[in-house]
Amino acid sequence: MSLPLDPTGEPSPAERSTPVRAPLSGEALNAVEERILAPLNEAQRRAVTTTAGPLLVLAGAGSGKTRVITHRIAWLIQHEGVAPWKILAVTFTNKAAAEMRDRLHEMIGESARDVAMGTFHSLCARMLRRDGEAIGLPKGFTIYDADDQARVIKGFLKEDDLPATGETKPSLILGAISRAKNDGLTADQMEDRAITHHERLVARFARRYAAELKRLDAVDFDDLLLEGLRLLQEAPAVADRYRAKWEYLHVDEYQDTNRIQYTWVRELAAKHGNLCVVGDDDQSIYSWRGADIRNILDFERDWPTAEVVPLEQNYRSTQTILDAAHGVVSNNQGRKKKKLWTELEGGDQITVYGAFDPEDEAAWIVRRIEEASAAVTGRRADAPEPVSLNGIAILYRTNAQSRAIEEALLRSSIPYQLIGGTRFYQRREVKDALAWLRVLRSDTDRISYERILNVPPRGIGDKTIELLRAAAAPSVNAPDGTPFGHVIAAAGRGEVAGVNTRARNSLAGIADVISRLRDRIAAVTLPELLDGVYSESGLRAHLASEGVEGEERWANLLELRGISGRFMELAPLDALDRFVEDTALVADQDAFDGDAERVTLITLHAAKGLEWPTVFISGLTEGLFPHSRSLMDQEQMEEERRLCYVGITRAKRRLSLSYALRRGWGDGDGAPSRFLAEIPEELLDVANDDDPRADGETRFGR
DNA sequence: CGTACCCCACTTTTT
DNA sequence: GTGGGGTACG
Ligand SMILES: Nc1ncnc2c1ncn2[C@@H]1O[C@H](COP(=O)(O)OP(=O)(O)OP(=O)(O)O)[C@@H](O)[C@H]1O
């Protein structure tokens, strides 16, 4: 994917032989250096060539912040003679890292491979994989996603005979645990601080949860960051190695870093202070998962010697779009005011459509897309250039809103790609297959073992699993418990009392398949290994007997097999580990294909950092956007507004806004979103102006 | 004891 | 349409 094969390691011989040019300051610029600076404006050049010490680029949307990081890295390598592996760039998604590496490759060639790039999570994962033992983390730890986490909590609930609903709903408990962890609290501290009944309950679960994950050699997403930080704080030798290794640090989308990430960066930059962060406080949209806007606002206080470079020219949008975005976000308090202008004066008005219901709204959007892209048949000679479908995106607040739009697109046979929603890697059959891969590499990962035990159904039910859990639990002879993989093998040999014959035979069969597959790992490629998993686990035969749905699931397994082929250049064992790790850390955006001739359907959150010539924002209805759960709280309302700013500024040329008066589900009617009234009226072209709902002075409740 | 089937509540945003 | 949980049957 996006990272060099071992971004945390020492340079390989090949890396070392990458020619490193001596610093050149003072000399005339060579052709490559010209190419690096040419596509930049004056302010961007200043940011790119300011290489020593802390640097903050705080600037509005589309002002070329990401471009600054890319070109700055190129400049460091080409002009300053910095070795590529001494440079680190943290991006918001792995996709963004991959794109940055591609751009870099175009500019400077092969040495782009050696720059360390990735998300906070993937970088921490790789550091921990390599050095985690220094803080007591086993090398082969497993990364648990939300579903795995929920299974751990459900196990507790079962032990305690508690329901998985109401105040003991797993997602609720996990959310509370996550928030506490991101605030830097341990389970002990949570217990000390707990006041309400529910807080005490959560604190107790937090303690059990932490102990259980430890036993399973598993970490969750929060742990990746926390342990990554602990590595820097509690393993001085390791920390110093990384501080010496990465001499130049870059962080994109800095406004959405949380406290742990902030401290992690500070630890890494402590020695040299060569830290370049870029971001836009108006685009901070992840406070609900711990992001703290103060990280960027306080940068100059944290780094008193920081250079601050504002970027004021927007290269993405028309002035109309920028004015609309500004009209909305300027209603927020306590933001840093930033200039933003564009050479693209004027531009198309923003179309607004007030629909009766979501279906009507979707139909209108589809009609507009058909009009704009009416390339294929019956195009009028005077019609504007038809737009291609990959230049169109439809944005919405919640995943559920995509349904009505999807249906309308399907009816009109307009191809689309849906980003997010039920993600590929969390589909049941895909997770089952991945669980098989995980048990090949772990004896302790109970959650993965339990997943595969009865898929396909083979006579191992709740009762048997309970017996196995009991056998794996800590006891007098085994104070740390017994690895689940060993328990399964033992049960297959009839060494666990109470397991019935059918289950016992199945368990023996599973243990046998696991050991056979393990023997094969080193000898076959990853796709071949997956073939083995599919046939020997019985997954393949099971799906073959499941009709149309089984066929779809089987197609997903084949797709997974195809993806696994990307790791062919690695040794089989490394390929397996990398594949399992990467699949745990993919972001929604990673699935986005900007070249595909399709309309993109995507949430406003996932659209951050992307851009399209034509953008629709749908569902601008009070209660939906802004969301009803944000109506009561000023801070949350401001975040919704920033989200609106992000959405508007994704558009390069044409923007359409729509709302439905009757919402699809839930509580009754919605009024047009307040954000519509915050856009200067002269920028708007109300499509159904003759409609009494949207008329005159009172339009949008102005 | 396990499986198949039916019914329920559910949908803010995600690494 | 969804997935998970509860219940009835084999
Ligand atoms: N100096 C420049 N000249 C022309 N185009 C530029 C320049 N700098 C950036 N761009 C283009 O402007 C667009 C926005 O750039 P970029 O994504 O780097 O901005 P950003 O500030 O990171 O945006 P956002 O914060 O909205 O994600 C891109 O299409 C980029 O190629």
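Chain naming here is simple, since letters A, B, ... match the order of the sequence lines and numbering starts at 1 in each. Basis for what follows: all heavy atoms, side chains included, without hydrogens, waters or symmetry-related copies.
- Evaluation of A/W288 against the base of B/dT12 yields no stacking contact (centre distance < 5.5 Å, interplanar angle < 30° required).
- There is no side-chain donor-acceptor pair under 3.5 Å between A/Q634 and A/Q636.
- Between A/R642 and A/I293 there is a side-chain heavy-atom pair separated by less than 4.5 Å.
- At the phosphate of C/dG4, neither OP1 nor OP2 sits under 4.0 Å from any side-chain N or O atom of A/K154.
- Inspection of the A/S442 and A/D217 side chains reveals no N or O donor paired with an N or O acceptor under 3.5 Å.
- Here A/R428 lies out of heavy-atom contact (under 4.0 Å) with every strand.
- Residues A/Y242 and A/E267 have side chains that never bring a donor and an acceptor to within less than 3.5 angstrom of each other.
- Taking only side-chain atoms of A/A587, from C-beta outward, the nucleotide of B/dC1, B/dT14, B/dT15 with the closest atom is B/dT15.
- Rounding to whole angstrom units, CG of residue A/D147 and P of C/dG3 are separated by 11 Å.
- In this structure, the side chain of A/D590 engages the main chain of A/A587 through a donor-acceptor pair within 3.5 Å.
- For A/T464 and B/dG2, the shortest distance from a side-chain N or O to OP1 or OP2 is below 4.0 Å.
- With its ring centre under 5.5 Å from that of the base six-membered ring and a plane angle below 30°, A/H627 counts as stacked on B/dT12.
- For the pair A/R629 and B/dT12, the criterion of a side-chain N or O lying under 4.0 Å from OP1 or OP2 is met.
- When heavy atoms are screened at a 4.0 angstrom cut-off, A/Y286 is found touching the sugar-phosphate backbone but no base atom.
- Within the 4.0 angstrom heavy-atom criterion, only backbone atoms of the sugar-phosphate kind lie near A/K169; the bases stay farther away.
- A distance below 6.0 Å separates the ring centres of A/F92 and A/Y286.
- Between B/dT12, B/dT15, B/dT3, one nucleotide has an atom nearer to the side chain of A/F221 than all others, and that is B/dT15.
- When heavy atoms are screened at a 4.0 angstrom cut-off, A/R458 is found touching the sugar-phosphate backbone but no base atom.
- When distances are taken from the side chain of A/T119 to each of B/dG2, B/dT12, B/dT15, the shortest belongs to B/dT15.
- Nucleic acid contact class of A/S630 (heavy atoms, under 4.0 Å, all strands): none.
- In this model, the phosphate group of B/dT14 is approached by a side-chain N or O of A/T603 to a distance below 4.0 Å at OP1 or OP2.
- Summarising the geometry, the separation between CD on A/E253 and P on B/dT14 is reported as 15 Å, rounded to the nearest angstrom.
- The interatomic distance linking A/E359 (CD) with C/dG1 (C1') rounds to 14 Å, in whole Å.
- OP1 or OP2 of B/dT13 lies within a sub-4.0 Å distance of a side-chain N or O belonging to A/N399.
- Checking B/dC1, C/dG1, B/dT14 against the side-chain heavy atoms of A/D588 singles out B/dT14 as nearest.
- Between the CD1 atom of A/I405 and the C1' atom of C/dG1 there is a distance of 16 Å, given to the nearest Å.
- Under the Watson-Crick and G-U wobble criteria, each requiring two contacts below 3.5 Å, nucleotide B/dG2 is paired to C/dC9.
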